[in-house]
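Just so we're on the same page: letters track the sequence lines, and every chain starts at 1. The model shown is predicted, which means the values in this text are computed figures rather than measured ones.
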There are 2 protein chains.
Amino acid sequence: MNIGDAARAAGLPTKTVRYYAEIGLVKPAARRENGYRDYGMQEVQQLRFVQRTRSFGFSIDTCRELLALYADHNRASADVKAIALDHLAQIETKMAELQSLHAELTNLASACQGDKRPDCPILKGLAVGETA
Amino acid sequence: MNIGDAARAAGLPTKTVRYYAEIGLVKPAARRENGYRDYGMQEVQQLRFVQRTRSFGFSIDTCRELLALYADHNRASADVKAIALDHLAQIETKMAELQSLHAELTNLASACQGDKRPDCPILKGLAVGETA
DNA sequence: GTCAACCTTCCCGGGACTGGAATGCCGGGG
DNA sequence: CCCCGGCATTCCAGTCCCGGGAAGGTTGAC
């Protein structure tokens, strides 16, 4: 299977598939005589796994770990769960940050008339510090 | 005022201040004879403004726009508000994405025993696609 | 005279690609 | 036989926003 077909099957750009091969995340099963990468079903499945995992926001390194666990039939599900819970915690942290930013910025924006006059609480808030 | 003092006053690393000078975001008032950057009160205020604005998650380019509006005493507050509302919308988009990721991943994780056995719904969810 | 603490420039790396250039292979049409 | 489109290959550069560190000059205190 050529890289284009593998990429389509995995829902990834060929550039990305080539990149994954380069960093050793998902290597093609072989190279043909003409130098083309040759992907088999297993590699396509790995690519799809990575695509899904990346779409959950896991880093490439974590994808590597998860891929290893995926391949290891003697894995402990606890290891997988630990990774997932850790990522969940990071997501929660980011959400909390965004929420507080959102609240602050909403405050500032709602205080701003938004007309032709130059007076603007948003700029004041950005200049001074302290939003509350 | 030397760069170190300006940086401390603005709450930024000197590296960052130098970078902002390089990209023309906040330039020092002058250079001394010895080549040192010389910052005045106005530049320090701009640096602090940028620091705050960045901490709200605005991009450097948007900081540039806001800085220009900040300096323009004939600005219309509507222009500022438009930028803020746009950014708020982006924050909301990101929050929604994170929430859906969080929900999906929570689902997967809660279905996983997290023990020594290899059976793991998380990996299955990542492999197959479709979480619901 | 020496030392620390500052300042300068320059270059590299990172995370995860993305775009583009230059080149090679393959199958079909004129 | 040659050309063309569509695939593939490699390599280089850029993204975004700095951070780390080298190699060297300046300043002020002791």
Trainee: Atom pairs, N/O to N/O, protein against nucleotides 18-20 of chain C, distance under 3.5 Å?
Mentor:
residue: C/dT18; atom: OP2; partner: A/T16; partner atom: OG1; Å: 3.0
residue: C/dG19; atom: N7; partner: A/K15; partner atom: NZ; Å: 3.2
residue: C/dG19; atom: O6; partner: A/K15; partner atom: NZ; Å: 3.0
residue: C/dG20; atom: O6; partner: A/K15; partner atom: NZ; Å: 2.2

Trainee: Atom CD of residue position B/Q42 - does it have more than 12 heavy atoms of other residues, nucleotides or ligands inside 6.0 Å?
Mentor: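 No, not enclosed.
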Trainee: What integer distance in Å separates B/R31:CZ from C/dT9:C1'?
Mentor: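 It is 10 Å, rounded to the nearest whole Å.
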Trainee: Taking CG from A/D61 and C1' from C/dA16, how many angstroms apart are they, rounded to a whole number?
Mentor: 11 Å
Trainee: With a cut-off of less than 4.0 Å, is there a side-chain N or O of B/R18 near OP1 or OP2 of C/dT8?
Mentor: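 Affirmative; the distance criterion is met.
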Trainee: Within this structure, what is the NE2-CD distance for the pair B/H102 and B/E104, rounded to the nearest 0.5 Å?
Mentor: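 Going from NE2 on B/H102 over to CD on B/E104, the span is 12.0 Å.
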Trainee: First locate atom CG of A/L12, then atom CZ of A/R18, and finally report the distance between them rounded to the nearest 0.5 Å.
Mentor: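 Between A/L12 CG and A/R18 CZ, I get 12.5 Å after rounding to 0.5 Å.
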Trainee: Judged by modelled atom types alone, do B/Q51 and B/Y20 share a side-chain donor-acceptor pair under 3.5 Å?
Mentor: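 Not at all, the side chains of B/Q51 and B/Y20 share no donor-acceptor pair under 3.5 Å.
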Trainee: Write down the distance between CG (A/L12) and P (C/dC17), rounded to a whole number of angstrom.
Mentor: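 Atom-to-atom, A/L12 to C/dC17, this comes out as 8 Å.
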Trainee: Which nucleotide in the list C/dT9, C/dC7, D/dA8 gets nearest to the side chain of A/T14?
Mentor: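 The answer is D/dA8, which lies nearest to the side chain.
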Trainee: Between D/dT9 atom C1' and A/Y39 atom OH, what is the distance in whole Å?
Mentor: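 To the nearest whole Å, that distance equals 12 Å.
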Trainee: Rounded to whole Å, please give me the gap between CD in B/E22 and P in D/dC16.
Mentor: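 Answer to the nearest Å: 15 Å.
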Trainee: Could you list, one pair per line, each protein nitrogen or oxygen that sits under 3.5 Å from a nitrogen or oxygen of nucleotides 23-26 of chain D, together with the distance?
Mentor:
residue: D/dG25; atom: N2; partner: B/Y36; partner atom: OH; Å: 3.0
residue: D/dT26; atom: O4'; partner: B/Y36; partner atom: OH; Å: 3.2

Trainee: Is the closest basic N to carboxylate O distance between B/K124 and B/D119 below 4.0 Å?
Mentor: yes
Trainee: Measure centre to centre between the rings of A/H87 and A/F56, then say whether the value is under 6.0 Å.
Mentor: no
Trainee: Measuring from B/C120:SG to B/D115:CG, what's the distance to the nearest 0.5 Å?
Mentor: 9.5 Å
Trainee: In whole angstroms, how far is the P atom of C/dG15 from the CZ atom of A/R54?
Mentor: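 Answer to the nearest Å: 11 Å.
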Trainee: Among the nucleotides C/dC17, C/dT8, D/dC17, which one has an atom lying closest to any side-chain atom of B/I3?
Mentor: C/dT8
Trainee: Can you tell me how far P of D/dG28 sits from CG of B/D5, to the nearest Å?
Mentor: 13 Å
Trainee: Identify, with sequence neighbours excluded, every residue that meets side chain to side chain donor-acceptor pair (under 3.5 Å) alongside B/Q99.
Mentor: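 Not a single residue meets the side chain to side chain donor-acceptor pair (under 3.5 Å) criterion with B/Q99.
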Trainee: Closest heavy-atom contact between B/P118 and A/H73?
Mentor: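 Between these two residues, the closest heavy atoms are CB-O, 3.4 Å.
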Trainee: Categorize A/I23 for me: base, sugar-phosphate, or nothing, with a 4.0 angstrom heavy-atom threshold over every strand shown.
Mentor: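 Here A/I23 touches no strand at all.
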Trainee: Which whole-number value in Å describes the distance from A/D38 CG to D/dA8 P?
Mentor: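 It works out to 12 Å between those atoms.
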